[in-house]
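Just below is one structure, and these are the notes that go with it.
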Amino acid sequence: MAPGSKEKKKGVEGSQVDKLTDDILADIISRVPYKSTCCCKCVSTRWRDLFSHPDHRKKLPQPLAGFFYESYNRDRFPKIARYFTNVSGEGEPLVDPSLSFLPKYSSIDILDCCNGLLLCRCWKFSDPKMLDYVVCNPATEKWVVVPATDWSSNVEVARLGFEPAVSSHFHVFEFIDEETWGIDESEQSDWDGRIAAVATYSSKTRVWTHQIQTVEINHFAIPTRSKGVFFNCVMHLAAFDRMVVTFDVEGNLLYIIGAPHSPPYYDDSPVNDVFVSQGQLHFASNTRSESDLSNLSVWVLEDYSLGKWTLKHTVSHLQLFGTDYSALDYNVISFHPECNMIFIVYGQENTLVSYEIDCMKRRFLRQLGRDCQLEHLCVDAKTPFIPYVPLYMESSADGP
């Protein structure tokens, strides 16, 4: 061996070990709030540098923290209030559900959360029919106002698109139905709520654009509570009539994908929605067996162009709830972004449970309280449960 080659080899091996160590440290620290590491004297400068490096922050996202939701209590003022529960079901809320850092508005509704940013609909004191959209980051307590469109006050479905690994900019999607767009639904459609146009806002250009849908060809309507999944710069939503619709950031319809179903029965129930987990698009649906027992089925999309779904898992309601539970009385609210776990809310008291697919075990987390529709306030809609993943990177929601 030539002189010095041994030392050179050791140097190469040492650099490889250092890189591996950096990756491990980044994996650990990326799961600690950035503000905590900045204030903690016991964390070294090298660790903080690793933590704050954008490559590590993009590669190693924060885990699921918990859920925003609303509940009703007739003995409390206000009767309807917003809460946050940790994903463990235990401890003090990690996030202030009141979003007290935002400007003062008459009321604030959380419409969507995407990779750490919230899309809020904020009604003004000056005119109860006027609103702003506000996109905010609860982790940094920063926010920006997105101006409303001419249709915003009547739009029922608005969603947020944001992928920090791709861009620091976000997109807001408005799905405008025929009535709001000015089309007489009684003459144009066999069912209410069909989408006539899609408006999109880019935080980069700071302008709204809209795309008119070809109603003679593309017939679809989107449930108010349909969860938006922004994945690979494409917005995905479950629509009525057993389909998934996808849009690019300019509002162009890309694919209409048939929702999966398994024989012998498909139960067209509210438990049909899209989720993203472990880098794949998932679909949760309610099905029935030959013996007429209800099941929850989980699917993975394998091919966009062919609309090919693969059945990943099926679990009976009997195993999940101890009885053949009605699909009307439970709601799949989230998939864990990094493992085979789903989160379900069921019953009058909105009992939150997790279900691990690999070991087929259910875990009770907590009771969240009654839905407002149980008190005849929102009869046709389930309370939205908004999953929240913290974001400690800068984004366009942090302002100019």
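Hydrophobic clustering (side-chain heavy atoms under 4.5 Å, transitive across Ile, Leu, Val, Met, Phe, Trp, Tyr) groups L365 together with Y83.
Here the closest heavy-atom approach between residue F230 and residue G161 is recorded as CG-CA, 3.3 Å. Here the closest non-hydrogen pair linking L64 and P387 is CD1-CB, 3.9 Å. In terms of heavy atoms, A238 sits closest to I222 at O-CG2, 4.0 Å. Between S167 and F162 the shortest heavy-atom distance is O-CE1, 3.6 Å. Heavy-atom minimum distance, F283 versus N272: CZ-CB, 3.8 Å.
The side chain to side chain donor-acceptor pair (under 3.5 Å) search around S100 returns D96, not counting sequence neighbours. S153 is linked by a side chain to side chain donor-acceptor pair (under 3.5 Å) to nothing, counting only residues two or more places apart in sequence or in another chain. In this view, V353 and I344, Y346, T351, R362 satisfy the side-chain contact (heavy atoms from CB on, under 4.5 Å) rule, not counting sequence neighbours. In this structure, Y255 has no ring-ring contact (aromatic ring centres under 6.0 Å, His included) partners at least two apart in sequence or on a different chain. Here S277 pairs with nothing under the side chain to side chain donor-acceptor pair (under 3.5 Å) rule; sequence neighbours left out. With sequence neighbours excluded, the residues satisfying side-chain contact (heavy atoms from CB on, under 4.5 Å) with L94 are A65, F84, N86. N232 is linked by a side-chain contact (heavy atoms from CB on, under 4.5 Å) to nothing, counting only residues two or more places apart in sequence or in another chain. Judged as a side-chain contact (heavy atoms from CB on, under 4.5 Å), and not counting sequence neighbours, S168 has no contacts. Annotation: side chain to side chain donor-acceptor pair (under 3.5 Å) contacts of K312 (sequence neighbours excluded): H282, N340. Applying the ring-ring contact (aromatic ring centres under 6.0 Å, His included) criterion to H171, with sequence neighbours excluded, gives no partner residue.
Between the side chain of H236 and the backbone N or O of V234, at least one donor-acceptor pair lies under 3.5 Å.
The aromatic rings of F175 and F173 lie parallel to each other, their planes meeting at an angle below 30°, with 60° marking the opposite boundary. Between W151 and W181, the two ring planes are tilted [angle within 30° to 60°]. A perpendicular orientation is assigned to the rings of F68 and Y388, their planes being inclined by more than 60° (bins at 30° and 60°).
Judged as a side chain to side chain donor-acceptor pair (under 3.5 Å), the pairs with a partner in residues 108-122 (not counting sequence neighbours) are, in order, D109-W123.
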Chi angles and distances behind the ring-ring contact (aromatic ring centres under 6.0 Å, His included) call for F343, F67: CA-CA 10 Å; F343 296 89; F67 306 93; 5.4 Å; yes
Donor-acceptor contacts under 3.5 Å from residues 125-132 side chains, at least two apart:
unit_1	atom_1	unit_2	atom_2	d
D127	OD1	K129	N	3.0
D132	OD2	Y105	OH	2.8

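The environment of CD in E156 is sparse: at most 12 heavy-atom neighbours from other residues, nucleotides or ligands sit within 6.0 Å.
Inter-residue side-chain proximity for P103 and W143 is flagged as met; some heavy-atom pair is nearer than 4.5 Å.
Residues E174 and S152 bring a donor and an acceptor atom of their side chains to less than 3.5 Å of each other.
At a threshold of 4.0 Å, the pair R194-E178 counts as salt-bridged, since one of the basic side-chain nitrogens sits closer than that to a carboxylate oxygen.
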